[in-house]
Each structure stands twice: as C-alpha cells, then as structure tokens.
Amino acid sequence: MADAPDRRRRRRLILRWVAAIVLVGGAVTAGLGWWTQRQATRLAAELLTRAAERVAVAPEVPAWPLDAPFAANPDATPFPFGPDRPTLVVLVHGMTPNRDLEPTVGTHAYVRTYWSFAFVRALLGDRAPRRSDGAPLTAESWITSAPSDDDPRAGLFFGEGADTDLAVFVVVRDGSLGLGAQAIATAEQIAAGLDAYRDVLATAGAPAEPQVALVAHSFGGLVGRYLLTNPPLDGGPFGTDSTTRARADDLRDRTLWLLTLGTPHEGSAAADRAALVEAAGELFRAEVLRPHRIIQNWITPLLEEGASFLRLEDPVTEHVRPGVWSALNDPETGLLAAHRVRRGDGSVVPVAALAARTPGGAFFVDPLVSDRIEFELAAWHAEHIGLDPTLYRDFLVQMLLTDPTMHTLGIPFRGWGDASAHPAPAAVLDAVTRVPTAPDRVEIGPPDARLTLALASRVDFVRGPYRGTIETRSVLGRWWCAVVRCSEVPGVIDVGSVADVDLEGIENPTVAVVRDLLLDREPVGDAPPVDLPGGRVGDGEIDADGVVPVDSALGFLLGAEDGPHLAVGRAWTVGGETLPGSWYRPDLEDPDAEFPWTYLHHIDLQWSPDVAAWIAEQWVGVAGPDPAAGPVPVWRDGD
C-alpha cells in the first residue's frame with residue numbers, strides 16, 4: 001500500500017510537467033504567431049508602399065502636337081448619309097481574358113456570351129436575329145451554333161422578317177491586347193463585315209454603300225475613339241500601320257455616330273490597383289521568395305495563376321490607367337484628344353456616353369433582403385435574357401468584389417473619388433448610398449505595426465441612407481465573421497425563395513417586388529425599400545458600375561480643366577479652332593431621370609435588352625451624322 005502515494009506523486013509530477021510543456025509550447029507558439037504576424041504586417045506595408053512608388057510613375061505616352069494634321073481633305077466628297085440608307089450597327093466589345101485563361105477568346109463562341117441574344121434582338125427592333133444566309137437564331141442556338149473561329153461573315157445579323165436596310169455586325173478580337181493591337185484587329189473585322197454586308201445588299205438588288213453606327217462597351221469605346229481619331233503611324237504602342245490607317249479613314253468617313261456603354265474615357269482607378277498588386281507581387285517574388293527555393297517553387301505558380309485571373313499582366317490593363325488617358329486626352333498634345341474624332345472632310349463625329357452606377361446591378365439595392373434571394377433573382381434574370389445563370393453570377397461576383405478592393409487597397413486614395421472635389425454636379429456623380437453590410441474596417445497586427453484594412457460597404461447600393469446600422473448578412477458577409485465578431489441583421493428577409501413567387505407576369509422584377517411577394521403584400525414595384533426615404537441621396541463618393549466610375553464613363557473632363565468638355569449645344573475653341581460640341585451625355589441632361597442603364601452594373605450593360613431597346617428607339621435610324629442642340633444628332637439638309 002506504501003507504493004500508492006508514490007504512484008500518485010509520480011502522476012502529479014508527470015501532469016505538472018505536461019502542463020508546463022503545454023504552457024511553454026503555447027507561449028512559444030503564441031509568441032511565434034505574434035512575431036510572424038508582426039513581421040508579415042510590416043512586410044506587407046513595406047511592399048505596398050514601395051509598390052505604390054513604382055505605380056506613381058506615369059506610363060510614357062507619346063505626344064501629338066496640336067498642329068499635327070487631322071488628315072482633313074478639303075476636296076473630299078462628304079459621305080451621302082441618310083435615314084433611308086442601309087445602316088450597319090457595329091458592336092465593339094471590351095476587355096476579355098487572355099487566351100491562356102479562356103481559349104475561346106477571339107472567336108464567335110466567346111463573343112456570343114459577351115453580347116446577349118436579347119440585346120441583339122432588341123437592337124434589331126425586337127426581331128429575332130437571323131444569319132446572312134437566312135437561318136433564324138433562337139436564344140439557345142445563339143450560343144450552340146456559334147463558330148469557334150473569327151470569320152467575319154458569321155458576325156453579320158438581320159432582323160427576322162425584316163429587309164436588309166438594318167444589320168448588326170459583331171466584332172471578334174482578343175480584348176486582352178493593347179489599344180493599338182486591338183484597333184488593328186477591329187479595323188480589319190469591320191472592313192470584312194462591310195464587304196459581307198455589301199454582298200448581301202447586292203444579292204437583294206440594293207447595292208448602296210452602307211453607313212455605320214458604332215455601339216461599344218467598356219474598352220471597346222476607346223477602340224472606337226481610336227479608329228475615329230486618325231492616329232499617327234509613329235505612336236509607339238498607341239500607333240498603327242498604314243493598312244489600318246486606310247481602313248480607319250474609310251470607317252470614320254461613313255460613321256454616323258459612336259455610342260459608348262460604361263467606357264472608361266478617362267481611365268479607371270481599378271487599373272491602378274491592378275498595377276499596384278502586380279508591382280507588390282514582383283517585389284514579393286524577388287525579395288521574399290527567391291532566397292527560399294522550395295517555397296518559391298510552390299507559391300510562384302499560384303501567384304502566376306492569380307495574376308492571370310486578375311489580368312495583371314495583360315497589356316489592356318496598363319492601357320486603361322488614368323495616367324495613360326490623362327495624356328491621351330490632353331486637348332493640346334493628346335493622341336486621342338476628343339476633338340480629333342472627325343471625318344476626312346473635317347466634320348465632327350458625334351459621341352454619346354452612357355454611365356451605370358451600381359456594382360450590384362438592379363439586385364443588390366435593398367439591405368433588408370437576403371443576398372441569397374438577390375443571387376436567385378439574378379439567376380432568374382439571366383435565364384430570361386438567354387444567359388447562362390452560372391456565367392452571369394460569376395461576372396456579378398466580379399463586380400461585387402472589385403468595388404470593395406477599391407476601398408481596401410487605398411493607395412493612392414480609397415474608393416472611386418470624392419464627389420465634392422469634382423467639377424461635375426454632385427447629383428450626377430453621387431446618386432446612391434453604400435450601405436455598410438460588413439465591418440467598416442479590420443485591424444491586423446501589433447499596435448506598433450498595425451495594418452488597417454478599410455472596407456467598402458458590401459454590396460448594397462440604395463437611393464437614400466438606411467436608418468440604422470447593418471453589420472453583416474449571410475453569404476458574402478459570412479467570411480468576415482470568421483475574422484471579427486458579427487451579428488445578424490434583425491428583419492432581413494430570408495424566408496422562402498424566388499422560386500416560391502410568381503414573377504412571370506411582372507414586367508421588371510426587382511428585389512423590392514420579391515420582398516413584397518414573400519411577405520404576401522401587394523408589390524409596389526421598384527420603390528425604395530422599407531425604412532428608406534424617397535429620393536436619390538448620395539454618400540459623398542463618386543458612384544461606379546463596379547469597374548468604371550461615373551465621371552469617366554461620361555467623359556466629363558476628357559483632359560480639360562472644366563466640363564462637360566465638348567458638350568453638345570455650344571461652340572468650343574481648341575487650339576484657335578472653333579468646333580461644335582459633339583458629346584451627348586443623357587445622364588447630365590436630366591440628373592433625376594432613371595434610364596435603363598442607371599442602376600445596372602458594368603457587365604449588365606451589354607446584356608440588357610432594355611438598354612438595347614433604348615438605343616434602337618432613340619438613336620438607330622433617328623440620329624443623324626451632325627451634332628446639334630437636342631437629344632440626338634441631326635440629319636443634313638437633303639439627307
């Protein structure tokens with residue numbers, strides 16, 4: 001029995017040693033964790049600061065003095081524009097992934113996912129598109145019959161049951177290339193599309209020379225401006241070749257007008273953030289990974305894959321940076337100064353600029369509705385305009401993540417800009433409020449090396465301030481709950497599903513409509529949500545569509561000191577020459593109006609049939625070639 005106390009003492013001693021080992025191990029682990037976090041925070045801050053210094057150096061852009069010729073030919077015969085002349089509406093898409101990331105880029109198989117069937121149908125006057133051989137297309141065959149090549153003849157469409165006076169031509173190219181390279185490919189495609197259209201007209205017994213109207217989305221609008229500007233042959237990466245120059249001359253002479261959708265006419269700060277991430281990644285690989293070969297071999301492929309996904313190394317990303325467009329737009333020396341958009345006879349080509357303003361589109365506009373329901377409504381919407389719901393969701397998520405990134409990486413500034421510091425009217429720049437649906441900030445690291453991440457509001461963009469504070473909700477906000485303490489929002493509607501309500505008879509279903517139906521109330525349409533006062537009330541920040549801020553999409557300054565530069569309805573003096581205003585900006589004419597594009601996100605602009613229907617009704621066949629006071633350009637006397 002004497003051994004029993006000894007055994008108990010030994011057990012207590014062992015337990016003490018185990019406890020001591022655990023405590024020491026825990027302390028060492030905690031210390032290492034604290035030290036590692038501290039060093040990582042300091043390293044991240046240092047890399048980002050040095051990367052920002054690199055990014056602050058503006059890319060070199062060649063100048064083109066004002067006295068350079070516009071290639072105007074005083075003996076040129078003006079193109080015989082007319083409302084009854086055959087018209088080719090050319091769709092010019094924007095940025096795309098590179099072909100390593102998406103092999104179908106540069107083919108009709110890709111571009112028919114870029115422009116929706118519903119968009120093209122609405123542009124053709126609500127007539128289903130048919131191919132030039134007469135074969136009709138449906139929403140399904142629009143995708144399944146798309147050729148896996150870039151044959152221009154496959155990009156020509158007519159309205160079912162209509163004559164050949166109106167055609168739509170879809171340009172196919174690699175949208176990851178630089179501006180000059182994209183312009184070369186676009187000019188070649190349009191020239192071939194015109195030839196194909198001439199063949200159809202000749203077969204129909206109406207061999208008239210067609211006029212052209214350009215409808216461009218995103219970066220495609222910059223490509224359109226490039227081709228209408230007659231750029232120099234010696235412009236480096238922004239120059240062109242003699243063949244493209246001749247094709248561009250022919251195009252600009254027969255172009256009625258250019259209409260842009262969400263085009264970054266003044267660049268986009270999102271491209272600066274991409275450049276910042278790329279520079280920080282290069283520093284990280286060179287100074288942190290290189291000394292550690294094993295870690296380098298494991299992490300480098302992941303970094304390269306991420307850079308490819310974010311398009312960090314694509315030339316097009318560099319060519320959409322604000323610094324680049326500050327130089328290109330310069331009225332005195334800019335290669336693509338807005339007043340250079342002119343025909344060979346010296347006449348000015350009208351330009352219309354439309355701007356969207358909500359990264360969540362028409363879905364993420366009600367903080368009282370669950371984001372699960374909002375994603376379901378987005379999928380429902382995609383199916384009804386002939387899009388793959390998964391593809392639509394992927395693009396929507398890109399918009400919802402880009403906007404917070406603009407606030408998290410606050411170098412050189414957070415967000416899209418201070419509306420009060422911009423010369424444009426605040427009512428135009430700032431019409432929606434970001435509702436905080438995630439923590440305002442997260443702080444990482446020890447007190448003397450703390451890295452603060454200031455977050456954007458998650459996804460909700462409403463027309464007035466929300467009464468109260470929302471910390472987080474379900475899907476996208478859930479990740480932050482693993483970092484900080486979260487609480488659910490009282491009153492958020494997350495019962496049932498979009499599938500539980502009948503939306504078929506509703507012309508324009510919104511989250512407000514779904515909310516009312518789920519609550520068994522009479523739908524009130526797209527009225528402000530519960531507890532939201534009416535009217536458009538901003539939050540002090542320039543609105544953006546998820547990629548492009550409103551001021552850039554409108555081309556408000558275009559390198560000038562004041563704007564709206566070259567606004568229609570008045571004469572402008574540039575370099576001693578007086579020109580008529582040629583830029584149409586419907587959003588500026590009536591800031592309180594809600595156009596079909598107002599509450600869309602960047603990707604929805606080229607998918608929305610409502611936007612295409614507006615273009616078809618207001619511009620196609622209505623707008624002439626000459627700018628004049630009023631909502632659209634006018635036809636010439638005798639047209």
Side-chain angles (χ1 to χ4, degrees), residues 89-97 105-106 108 110-123 155 157 168-177 179 182-183 185-186 189-190 212-228 255 257-268 270-271 311 316-317 319-320 325 351-359 361 385 387 391-392 395-396 398-399 402 544-550 552-555 584-587 595-598 600-616 619-620:
V89 179
V90 177
L91 298 183
V92 187
H93 66 73
M95 295 174 62
T96 69
V105 164
H108 291 282
Y110 180 84
V111 82
R112 290 199 195 173
T113 65
Y114 193 100
W115 300 101
S116 73
F117 173 85
F119 187 97
V120 175
R121 177 185 178 118
L123 203 56
F157 305 99
V168 168
F169 178 72
V170 180
V171 170
V172 175
R173 72 184 190 286
D174 184 346
S176 71
L177 304 177
L179 181 59
Q182 289 200 46
T186 301
Q189 280 268 312
I190 294 176
V212 170
L214 298 175
V215 176
H217 175 252
S218 193
F219 195 83
L222 304 179
V223 174
R225 281 179 56 191
Y226 182 106
L227 293 174
L228 298 176
T255 295
W257 38 263
L258 165 66
L259 187 145
T260 65
L261 304 169
T263 289
H265 291 290
E266 299 173 8
S268 172
R311 308 175 187 175
V316 67
T317 304
H319 286 184
V320 80
W325 282 95
V351 178
L354 314 184
R357 60 178 70 247
T358 51
I385 62 173
L387 294 173
L391 177 69
Y392 188 85
F395 277 115
L396 178 59
Q398 285 185 31
M399 299 302 100
T402 301
D545 63 12
V547 176
V548 180
V550 168
S552 181
L554 293 176
Y584 291 79
R585 303 173 176 93
D587 299 84
F595 296 100
W597 57 84
T598 301
L600 299 183
H601 59 73
H602 188 72
I603 303 300
D604 229 359
L605 285 168
Q606 83 273 17
W607 283 340
S608 169
D610 294 334
V611 172
W614 185 92
I615 297 171
W619 281 74
V620 177

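FYI, side chains are in, hydrogens and waters are out, and symmetry mates aren't considered; it's all heavy atoms of this structure.
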Checklist outcome for this item: Output for pair (D545 CG, M399 CE), nearest 0.5 Å, gives 7.5 Å
Checklist entry - Which atom pair, heavy atoms only, marks the closest approach of S268 to V548? => result OG-CA, 4.4 Å
Next on the checklist: Please check: side-chain N/O of S608 versus main-chain N/O of V611, any donor-acceptor pairing under 3.5 Å?
Outcome noted: yes
Item to check | Shortest non-hydrogen separation from V550 to A356 and the atoms involved | outcome: CG2-O, 3.7 Å
Next on the checklist: I want to check something: taking the side chain as every heavy atom from C-beta on, are P586 and F595 in contact at a cut-off of under 4.5 Å?
Outcome noted: yes
Checklist entry - Nearest 0.5 Å, what's the CD1-CZ distance between I385 and F119? => result 10.5 Å
Checklist entry - Between R173 and H93, is there a donor-acceptor pair closer than 3.5 Å when you use the side chain of the first and the backbone of the second? => result yes
Checklist entry - Between T263 and T260, is there a donor-acceptor pair closer than 3.5 Å when you use the side chain of the first and the backbone of the second? => result no
Checklist entry - Between H217 and H602, how do the two ring planes meet: parallel, tilted or perpendicular, split at 30° and 60°? => result tilted
Checklist entry - Nearest heavy-atom pair of L258 and G221: which atoms, and what distance? => result CD2-O, 4.1 Å
Next on the checklist: Whether the D587 and W597 side chains hold a donor-acceptor pair (N or O, under 3.5 Å, no angle test) is what I'd like checked.
Outcome noted: yes
Next on the checklist: If we check side-chain contact (heavy atoms from CB on, under 4.5 Å) with F169, which of these qualifies: L91, V212, V90, V92?
Outcome noted: V90
Item to check | Side chain R585, main chain G555, donor-acceptor under 3.5 Å | outcome: yes
Checklist entry - Yes or no on side chain to side chain contact (heavy atoms under 4.5 Å, CB included) for T358 and L600, after CA distance, side-chain angles and deciding distance? => result CA-CA 6 Å; T358 51; L600 299 183; 5.6 Å; no
Item to check | Worked verdict on V215 versus W619 for side chain to side chain contact (heavy atoms under 4.5 Å, CB included) | outcome: CA-CA 10 Å; V215 176; W619 281 74; over 6 Å; no
Checklist outcome for this item: For F157 and V170 the tightest heavy-atom approach is CE1-CG2, 3.9 Å
Item to check | Heavy-atom closest contact (A122 atom, A612 atom, distance) | outcome: CB-CB, 3.7 Å
Item to check | Test item: side-chain donor near acceptor, D174 and S176, under 3.5 Å | outcome: yes
Next on the checklist: Classify the ring geometry of Y392 against H601: parallel below 30°, tilted from 30° to 60°, perpendicular beyond 60°.
Outcome noted: tilted
Next on the checklist: Tell me if a side-chain donor or acceptor on Q182 pairs with a main-chain N or O of G175 at a distance below 3.5 Å.
Outcome noted: yes
Next on the checklist: So, taking the atom named CZ in F219 and the one named OH in Y226, what distance separates them when rounded to the nearest 0.5 Å?
Outcome noted: 10.5 Å
Checklist entry - Just by modelled atom types, is the Y110 backbone N or O under 3.5 Å from a matching donor or acceptor in the T113 side chain? => result yes
Checklist entry - If you measure from CG on L214 to CH2 on W257, what distance do you get to the nearest 0.5 Å? => result 8.5 Å
Checklist outcome for this item: Interatomic distance, CD1@I603 vs OG@S218, rounded to 0.5 Å, equals 7.0 Å
Checklist entry - Between Y114 and W607, is the ring centre distance below 6.0 Å? => result no
Checklist entry - So how far is it from W115 CH2 to L123 CG, rounded to the nearest 0.5 Å? => result 8.5 Å
Checklist outcome for this item: For P549 and G267 the tightest heavy-atom approach is CD-O, 4.5 Å
